[in-house]
Number of protein chains: 2
Amino acid sequence: MDTYLNLSLEAFSSFKQTSPNDKAAFLEEMANQIDAARDQLIPTASKESNLPQGRITGELGRTLGQIRLFAQLVKEGSWVEATIDHADPNRSPLPKPDIRRMLRPLGPVLVFGASNFPLAFSTAGGDTVSALASGCPVIYKAHPAHPETSRIVSEAIKVAIRKSNLPKGVFQHVEGGIETGQELANHPKIQAIAFTGSFRGGKALFDTAAQRDNPIPVYAEMGSINPIFTFETKLNNNLKELAAAYVGSLTLGVGQFCTNPGLIFIPEKLSQTFGDAVLDNLKEVSAAPMLHEGIGKAYYEMLKSLESADEIQWVQKADAEDIKLGSPAFVKIKGSDWLKDEAFQEEIFGPYGMMVTYRDREELQKLTQVLKGQLTCTVWGEDNELESSRNLIREIEEKCGRILFKGVPTGVEVGFAMQHGGPFPSTTDSRSTSVGVHAIKRFARPVAFQDMPGSLLPAELAEGNPMGIWRTVDGNWQK
Amino acid sequence: MDTYLNLSLEAFSSFKQTSPNDKAAFLEEMANQIDAARDQLIPTASKESNLPQGRITGELGRTLGQIRLFAQLVKEGSWVEATIDHADPNRSPLPKPDIRRMLRPLGPVLVFGASNFPLAFSTAGGDTVSALASGCPVIYKAHPAHPETSRIVSEAIKVAIRKSNLPKGVFQHVEGGIETGQELANHPKIQAIAFTGSFRGGKALFDTAAQRDNPIPVYAEMGSINPIFTFETKLNNNLKELAAAYVGSLTLGVGQFCTNPGLIFIPEKLSQTFGDAVLDNLKEVSAAPMLHEGIGKAYYEMLKSLESADEIQWVQKADAEDIKLGSPAFVKIKGSDWLKDEAFQEEIFGPYGMMVTYRDREELQKLTQVLKGQLTCTVWGEDNELESSRNLIREIEEKCGRILFKGVPTGVEVGFAMQHGGPFPSTTDSRSTSVGVHAIKRFARPVAFQDMPGSLLPAELAEGNPMGIWRTVDGNWQK
């Protein structure tokens, strides 16, 4: 592992000084090189992931858009939170020094890709790109489910590195198993880890990182059942439409999304009609290939383990004839029964949903309180129902990183306001996001420069603001 | 412990909704109440800490200033990083939702105070105040070295809570030993921990928090030897002045500062004259009472353990006759010898300094590379020496949270640009600061509100910016 880390550190010593414009140009070149490989990339990724080419084409667009957004962010430059407190030599009893603070890159970052997004959350996905944008070299541990896709993207990144005259250690592609990943995570020179995948995988990395001689941050996005809360009037008024939207979100990508709504709270008196409407919609959904056989196997095993639970009523059973194909399943359980066993909250990765019925607002509040941390929560209510549920909404907010009031949680916008990261166990660090521009901050730390001669100051902190970025100067925002 | 946490959670449900103005008024009232107790507070704190009344008076001023700065910050309101991405219903292929993001408080925070700052880093110190400012209730575990001081401050906070009509669980004062602290740290409802103290104490809390069923962030500021790097010309030109400044910083507060410069790198050829000048200054410093007997005992034991090291040359030995009094000690070691044993980097809390001599810039670079993480590093060089040491300075930057080019590291400004937190083991989270306004962000996490009805949106995110704060709207900073 030393070979990788030595190369990474060597690259860091210059990459951390690379100007924002050069870094942005590199990221743009990277997007162009990946785009240039699209004819090879799309069929390969589709074949390796079992996802249709149309979906992969969309994901490629998202991936390129994401890289270009970070290029823009870096070029604009204000993300470093430059802050200047000027000196006051006349202050008594002691003169006040000049202090200037900005975010600086952490060092070599280890990234683990996800199987369910072979492009957008993988080799050149959000984690890799936000780490590079911050000025950190990346060691990428390829996902074994799409090795060829990963190699193609890696080659494109390497071409961009060469064309940008950057040291080759800026990005390294490592193939191997779990042991390789753990060995890298244990290397004392790795400064941060980003991961998207299962709870088991993410938690294992978190534990490894916490037990190192020098603990490091781990940004693991691990799983979520993304509850939807429904209120009576809204549901009654739009029952068919909402059932269709729910099933659409539940079965999108064969249910293999981190924001898949695996849990929906329904007023008891509407549970029969809602269940019927869900069933009508599910009948239109055919089983489709899952990402790989291991995921299919796990899906059917988890479903099977629920069969012994008397509390559970099966609205639709999955058809387990071919475990390569994910067949949707939907169950119903009373709120009071759901409370009995934490296992009912466990994520079953795939097109599986659980409807939990509640009698009244009081019971719904109780159900909310036991919820574990989630990436998203969704609330469907008429305006007056939402107005009268302010306290409940505040409690729901406590449980998640993003709370929605329209639509469905699948489909995560890449932008400035996105928050994709919630309380444990949905992620290991609810203070961070893995989607959107704020993701860059995961790989940086503040450094204060006290009385540094002007000629040595980073341009972001120089007098006269040569980079034209937003800064806090003596407590005031200015540009 | 449940009693404390239930009270804390109950308080949180309303405190997190308290308006910025009301929160600011509460903090101001808190400062006023503490100030009103000054006649009782100053002698008590002085007696319990063995620190002179003059120093305690200064520390009280700093503590009050800090509370009032956070009141201002909260009132101004922009710290929440409000970000708005407007909807675009016409976007194809899918309409774009409205997403708004801001920082929201984490929940109950557990704070441990420090023995060396009975006011500024204790009951109403930076950790408590920044947590309250963010909207988190605080459970404060009192430091056993100054119980009466802690009670007085706690009473003042409680009066402020009553006068501000806030729930009493907003601040709770808990006395007890290490077990009490660990039990609180293990409580599933505690959402974050702040600590200032020894490596052992901080690391134990970090381990506890990482091993919980729901791991939480720990902001432990643990210790640092704050190296000073000196270059030949600068040192030669200002030898007496710099030696005096060094000894002043080394022995300030009987060496019991987290930014105490316990290590200084000196060019070999100047080491004799610099050592002599240090000695001249040290002779003027008399031994003074340390914070408590335990600290004195540890100081002399650690010094004794160095006596067997042949590599070390004693410039001045401490006078260990009365272990309640901290008597300064200063040693000299060759760079090549210093590299041999990591133990030479261990902090000896008290007025102890180690001069490490280096032959040339190359050796200094080697010494820098093995340095562990530090709160501060200081570089003393003439402008031309600094200019020719850009790479070395970048390496020094990697090792610390604050890098100084004039003066001494003791004396930590409370302001916008301060960074008091460095790479492990100086703190457990180099991405955070425990001094200055950015400390508030340790106790908050981002939440995104998607398509939330305007009437439910927090004022910080409302259309038309009713609070007049700085926000990012569709990618642009504006007010």
Side-chain angles (χ1 to χ4, degrees), chain A residues 13 16-17 78 83-85 94 96-97 99-101 104 107 206-207 210 214-215 217 383 386-387 390-391 393-394 397-398 400-407 411 413 415-419 424-425 428 430-431 433 438 444-453 455-456 470 472 474-475 477 479, chain B residues 13 16-17 78 83-85 94 96-97 99-101 104 107 206-207 210 214-215 217 373 383 386-387 390 393-394 397-398 400-407 411 413 415-419 424-425 428 430-431 433 438 444-453 455-456 470 472 474-475 477 479:
Chain A
S13 70
K16 69 183 172 187
Q17 304 302 335
S78 303
T83 308
I84 297 175
D85 289 348
L94 286 171
K96 186 179 167 201
I99 307 183
R100 296 166 190 242
R101 180 190 200 260
R104 298 284 296 138
F206 176 84
D207 291 341
N214 58 338
D383 282 354
L386 298 174
E387 281 290 348
R390 283 174 180 266
N391 287 338
I393 289 171
R394 297 300 174 207
E397 180 199 316
E398 302 266 300
C400 64
R402 177 165 58 111
I403 179 167
L404 299 84
F405 295 86
K406 267 189 206 163
E413 291 289 325
F416 292 86
M418 179 45 67
Q419 171 59 21
F424 192 89
T428 48
S430 70
R431 299 161 297 169
T433 180
H438 289 279
R445 67 180 178 95
V447 175
F449 301 87
Q450 184 165 328
D451 293 319
M452 193 181 217
S455 63
L456 289 171
W470 283 99
T472 307
D474 300 322
W477 265 102
K479 190 169 172 166
Chain B
S13 70
K16 69 182 171 189
Q17 304 303 334
S78 303
T83 307
I84 298 176
D85 289 347
L94 287 170
K96 186 178 166 201
I99 307 183
R100 295 165 193 243
R101 179 191 201 259
R104 298 284 295 139
F206 175 84
D207 290 340
N214 59 338
D383 283 353
L386 297 175
E387 281 291 348
R390 282 174 180 267
I393 289 170
R394 295 302 173 206
E397 180 199 317
E398 302 267 300
C400 66
R402 177 165 57 112
I403 179 167
L404 299 84
F405 295 86
K406 266 190 207 163
E413 290 290 324
F416 292 87
M418 178 45 68
Q419 171 60 20
F424 192 89
T428 48
S430 70
R431 298 161 298 169
T433 179
H438 289 278
R445 67 179 178 94
V447 175
F449 302 87
Q450 185 166 327
D451 292 320
M452 192 182 219
S455 63
L456 289 171
W470 283 100
T472 306
D474 300 322
W477 264 104
K479 190 168 171 169

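In what follows, chains carry the letters A, B, and so on, assigned in the order in which the sequence lines appear, proteins first and then strands, with residues in each chain numbered from 1.
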J.: To the closest 0.5 Å, what do you measure between CZ (R394(B)) and NZ (K16(A))?
T.: 8.0 Å
J.: For P425(A), is it the side chain, the backbone, both, or neither that has a heavy atom closer than 4.5 Å to a heavy atom of chain B?
T.: neither
J.: Determine the minimum heavy-atom distance between P446(B) and S430(A), stating which atoms define it.
T.: CD-O, 3.5 Å
J.: How many angstroms lie between atom CZ of F416(A) and atom CG of D474(B), to the nearest 0.5 angstrom?
T.: 9.0 Å
J.: To the nearest 0.5 Å, what is the distance between CD on E413(A) and CD1 on I99(B)?
T.: 5.5 Å
J.: To the nearest 0.5 Å, tell me how far R101(B) CZ sits from T433(A) OG1.
T.: 6.0 Å
J.: Looking at R104(B), R100(B), K479(B), which one has more heavy-atom pairs under 4.5 Å with chain A than the rest?
T.: R104(B)
J.: Heavy-atom cut-off 4.5 Å, strictly under: side chain, backbone, both or neither for L94(A) against chain B?
T.: neither
J.: So, the side chain of D451(B) versus the backbone of F405(A): is there a donor-acceptor pair under 3.5 Å, distance only?
T.: no
J.: By a 4.5 Å heavy-atom criterion (distance strictly below it), what part of W470(A) contacts chain B: side chain, backbone, both, or neither?
T.: side chain
J.: Taking every non-hydrogen pair under 4.5 Å, which of G415(A), G475(A), G107(A) racks up the most with chain B?
T.: G475(A)
J.: Out of curiosity, S13(B) OG to E398(A) CD, how far, rounded to the nearest 0.5 Å?
T.: 9.0 Å
J.: Give the minimum heavy-atom separation between A448(B) and A417(A), together with the two atoms involved.
T.: CB-O, 3.7 Å
J.: Pick from L404(A), N391(A), T428(A): which one has the most heavy-atom pairs with chain B under 4.5 Å?
T.: L404(A)
J.: Sort out for me which of P217(B), G411(B), A444(B), P215(B) touches chain A most, counting heavy-atom pairs under 4.5 Å.
T.: P215(B)
J.: Check this for me: K406(B), atom NZ, are more than 12 non-hydrogen atoms of other residues, nucleotides or ligands nearer than 6.0 Å?
T.: no
J.: For chain A, find which of I393(B), D85(B), N214(B), T83(B) contributes the most heavy-atom pairs closer than 4.5 angstrom.
T.: D85(B)
J.: Let me confirm one number: the CD-CG distance from E397(A) to L456(B), rounded to the nearest 0.5 Å.
T.: 11.0 Å
J.: Search all heavy atoms of R390(B) against all heavy atoms of S455(A) and return the closest pair with its distance.
T.: NH2-O, 2.8 Å
J.: Which atoms of D383(A) are under 4.5 Å from chain B, going by heavy atoms: the side chain, the backbone, both sets, or neither?
T.: side chain
J.: Heavy-atom pairs under 4.5 Å with chain B: which of P97(A), A210(A), G401(A) has the most?
T.: G401(A)
J.: Chain A: which of G373(B), G407(B), C400(B) shares the most heavy-atom pairs with it under 4.5 Å?
T.: C400(B)
J.: Heavy-atom distances under 4.5 Å only: say whether F424(A) touches chain B with side chain, backbone, both or neither.
T.: side chain
